[in-house]
Amino acid sequence: MDAENMKQRISSAAPAASFEVDKEFLYVIIPADNLFTLIKTLKTDPDLSFNHLSCLTCIDRNPEFYMIYILQSFEKKHEIVVKAKISGRSNPAIESVSSLWSGAELLEREVFDFFGIKFNNHPDLRRLFLADDWNGFPLRKDYADEVNIENRN
């Protein structure tokens, strides 16, 4: 399925989606509240059949966050990048996709640990790398570590 057909199929399932296309990928940009419905459709629609989550990560574009999901269909031989926009820095949250891909569990814990994104309905959301008493989220752009980082003015 080419990018134009995918855009039409996705638009009918997720009217809030917008799109970007480059030489390599079709990018779908969607509000965080609509992510799970879209992701489930991408996985279960037989014409799309995105059965593999190859990457899950986060980007801090202060003041908002973007969750990035790279999906592949081995059967249909196509890929897509989904960007879910999370507004607000005080308590950012999004629905977990671990019920669709169990491999997302550790990736979501990593994002939680370093960015502070809460994944609703995650089966075991806790820090993965940092100590439980660690303050803050080190990959946020507004993170300040007064002890370990030398400030050069």
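Residue numbers start at 1 and run along the sequence shown.
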Full working for side chain to side chain contact (heavy atoms under 4.5 Å, CB included) between V28 and V81 = CA-CA 6 Å; V28 181; V81 177; over 6 Å; no
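- V82 has its side chain out of reach of I68: every pair of non-hydrogen atoms, C-beta onward, lies at least 4.5 Å apart.
- Ring planes of F114 and F129: parallel class, angle under 30° (limits at 30 and 60°).
- Note that K83 lies in the cation-pi zone of Y27, set by a 6.0 Å cut-off to the ring centre and a 45° limit from the axis.
- Following chains of ILVMFWY side-chain contacts shorter than 4.5 Å, one can reach L125 starting from V97, so the two form part of one hydrophobic cluster.
- When side chains are defined from C-beta on, F19 does not count as touching I30, because their heavy atoms never get closer than 4.5 Å.
- Under a 3.5 Å cut-off, the side chain of D60 and the backbone N or O of F65 do not form any donor-acceptor pair.
- Taken from CZ in F25 to CG in L71, the straight-line distance is 10.5 Å, to the nearest 0.5 Å.
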Stepwise side chain to side chain contact (heavy atoms under 4.5 Å, CB included) check, K43 with W101 = CA-CA 10 Å; K43 183 176 182 181; W101 293 286; 3.8 Å; yes
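- Pairing each heavy atom of A93 with each of A32, the nearest pair is O-CB, 4.4 Å.
- Residues L106 and L128 share a closest heavy-atom pair of O-CD2, 3.7 Å.
- Side-chain contact between E95 and L35 is absent, with no heavy-atom pair separated by less than 4.5 Å.
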message = Before you tell me yes or no, could you show the steps for I70 and L53 under side chain to side chain contact (heavy atoms under 4.5 Å, CB included), namely the whole-Å CA-CA distance, both residues' side-chain angles and the distance that decides it to 0.1 Å?
response = CA-CA 6 Å; I70 300 177; L53 173 68; over 6 Å; no
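- Not one N or O on the side chain of S98 forms a donor-acceptor pair closer than 3.5 Å with the backbone of A104.
- To the nearest 0.5 Å, atom CG of residue L38 and atom CG of residue D33 are 13.0 Å apart.
- V21 and Y66 fall into different hydrophobic clusters, defined by Ile, Leu, Val, Met, Phe, Trp and Tyr side-chain heavy atoms under 4.5 Å apart, directly or through other members.
- Side-chain atoms of E108 and S96 form a donor-acceptor pair, as typed in the model, at a separation below 3.5 Å.
- Counting heavy atoms from C-beta outward, R89 and N62 have side chains that approach closer than 4.5 Å.
- Minimum interatomic distance between F112 and I117 (heavy atoms only, all atoms of both residues): CD1-O, 3.3 Å.
- Rounding to the nearest 0.5 Å places CD of E79 at 9.5 Å from CE of M6.
- With hydrogens and angles ignored, the 3.5 Å screen pairs no side-chain donor or acceptor of K118 with any backbone N or O of I94.
- In this model, no donor atom of one side chain and acceptor atom of the other lie less than 3.5 Å apart for N51 and E75.
- Atoms CD1 and CG, from I10 and L26 in turn, are 5.5 Å apart once rounded to the nearest 0.5 Å.
- With rounding to the nearest 0.5 Å, the separation of CG in L139 from CD1 in I59 is 12.0 Å.
- Below 30°, between 30° and 60°, or above 60°: for F119 and H122 the angle between ring planes is between 30° and 60°, a tilted geometry.
- Between P92 and R140, the closest side-chain pair of non-hydrogen atoms falls below 4.5 Å.
- Side chains of R126 and R109 form a contact here, defined as non-hydrogen atoms less than 4.5 Å apart.
- Side-chain contact between S73 and H52 is absent, with no heavy-atom pair separated by less than 4.5 Å.
- Salt bridge annotation for D132-R127: absent, with no cationic side-chain nitrogen under 4.0 angstrom from a carboxylate oxygen.
- Of all heavy-atom pairs between I86 and E64, the closest is O-CB, 3.3 Å.
- Atom NZ in K141 sits 5.5 Å away from atom CZ in R61 (nearest 0.5 Å).
- The main-chain N or O of L48 is found under 3.5 Å from a side-chain atom of H78 such that the two form a donor-acceptor pair.
- Annotation: side chain of K40 is in contact with side chain of L100 (closest heavy-atom distance under 4.5 Å).
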